[in-house]
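These notes are about the structure you will find just below.
This is a predicted model, so every value here is computed, not measured.
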Amino acid sequence: MSFEKEYIDDELLNNPDNGFQVPDGYFELLQNNILAKTTDNGFTVPEKYFNTLDNRIQQKIKKSKVINHHFAFKRMAMGVAASFILIAGFLLIKNQLYPSMQSHVLSQNKLNELSDEEIINYLDIADLSDNHIAESTVKTEVKSQNQVEDYLINNAEEELIIEQL
Amino acid sequence: MLSILSDDMEIIRAFNQKHSKTAAFEILIDKYKKKIYWHVRRIVIDHDDADDAVQNTFIKVWENLEQFREDSKFYTWLYRVATNEALQLLKKKRTKYLVPMDDIDFELSETLHAGSYFNGNAAELKLQTAILTLPEKQRLVFNMKYYQALKYEEIEAILGTSVGALKASYHHAVKKIEEYLKHD
């Protein structure tokens, strides 16, 4: 007698599934499920697509490296140009807003070229008020009382000093 | 010597060394190109779009792999990059052709039916059309679980969605597809 016939119930022996059950339609779906995970499900690719993919990716990376270097240089050049324009613009605006200092230096140089007689003759002809002359006068360094006395003593004629007393 | 490297971390270490960077990168492409291609192809449907997404994915890998930290698995990071590239591509298409959000799936379905690089039988066409009726993220979950047999924990790392939400999403996706196949 075989092992099965001696120890196992006949009913169980005759049941090929041995009590195990499967969901309805399981085996019909099983083939589809396996095929779904092992095939491309209808999707196709051009011939030799995967063989050439590596090369195309490497080419694209090389191309993007060259473009990046080119753009980096361009950006730097534009940055330098922009800095120059900003500095030039600043200087232009500064000169337009604050011209007096520059024109003052220019006028001072021109005056130095003229003789005292020419200046006096001009002042006689020009109808300038005292205020105008005062405003146009270069502001001199304020000297102390001692410095003024020293100057008068060393430079002014005695008679002129006496006249002013 | 490099060709025998199979462990991703070993390949990445080789990538981080100047003399073996290119060779290591070639190994990575060879190892993952098909998986990544089919992953993005199922998102974008069109072969040319999939080709663009795959190339852009590996270019991003080349540019960013040095910053990759070993706190996550390389292939989940790779899948995340590929998924984002594919979704960005679809988003650009919507913007370029002024296609409303809902209609992009109709456009993808049209591409499928146009037969360009698709030679499946009627049943396969019907199944793919059914999958395209799913919302974008649900479609991603379904494809990754059903076709690529990724674990929920792996999909969680890729999409940033909890395992519970993923299980629910997959369950609903299967039900919707079954309904579509029964009634359409």
- Message: I need the minimum non-hydrogen distance between Ile61(A) and Phe25(B), along with the two atoms involved.
- Response: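 Heavy atoms of Ile61(A) and Phe25(B) come nearest at CD1-CE2, 3.5 Å.
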- How far does CD of Gln55(B) sit from CD of Gln58(A), to the nearest 0.5 angstrom?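 Here the interatomic distance stands at 11.0 Å.
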- Query: Hey, are the side chains of His47(B) and Thr44(A) touching, using non-hydrogen atoms and a 4.5 Å cut-off?
  - Reply: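 Of all side-chain heavy-atom pairs linking Thr44(A) with His47(B), none is under 4.5 Å.
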- Gln128(B) versus Phe43(A): any side-chain heavy-atom pair under 4.5 Å?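 A side-chain contact under 4.5 Å exists here.
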- Do any of residues 47-56 of chain A come closer than 4.5 Å to chain B, heavy atom to heavy atom, and if so which ones, in number order?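 Result: Tyr49(A), Phe50(A), Leu53(A), Asp54(A), Arg56(A).
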- Message: My understanding is that only residues two or more places apart in sequence, or in another chain, count here; which of them pass ring-ring contact (aromatic ring centres under 6.0 Å, His included) with Tyr152(B)?
- Response: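 With neighbours one apart ignored, the set is empty.
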- So which of Asp51(B), Thr22(B), Leu125(B) has the largest heavy-atom pair count under 4.5 angstrom toward chain A?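 Highest number of heavy-atom pairs under 4.5 Å: Asp51(B).
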- Please report the C-alpha distance between Lys33(B) and Ile57(A) in whole Å, then the side-chain angles of each, then the deciding distance to 0.1 Å, and finally whether the side-chain contact (heavy atoms from CB on, under 4.5 Å) criterion is met. CA-CA 11 Å; Lys33(B) 62 186 175 187; Ile57(A) 291 169; over 6 Å; no
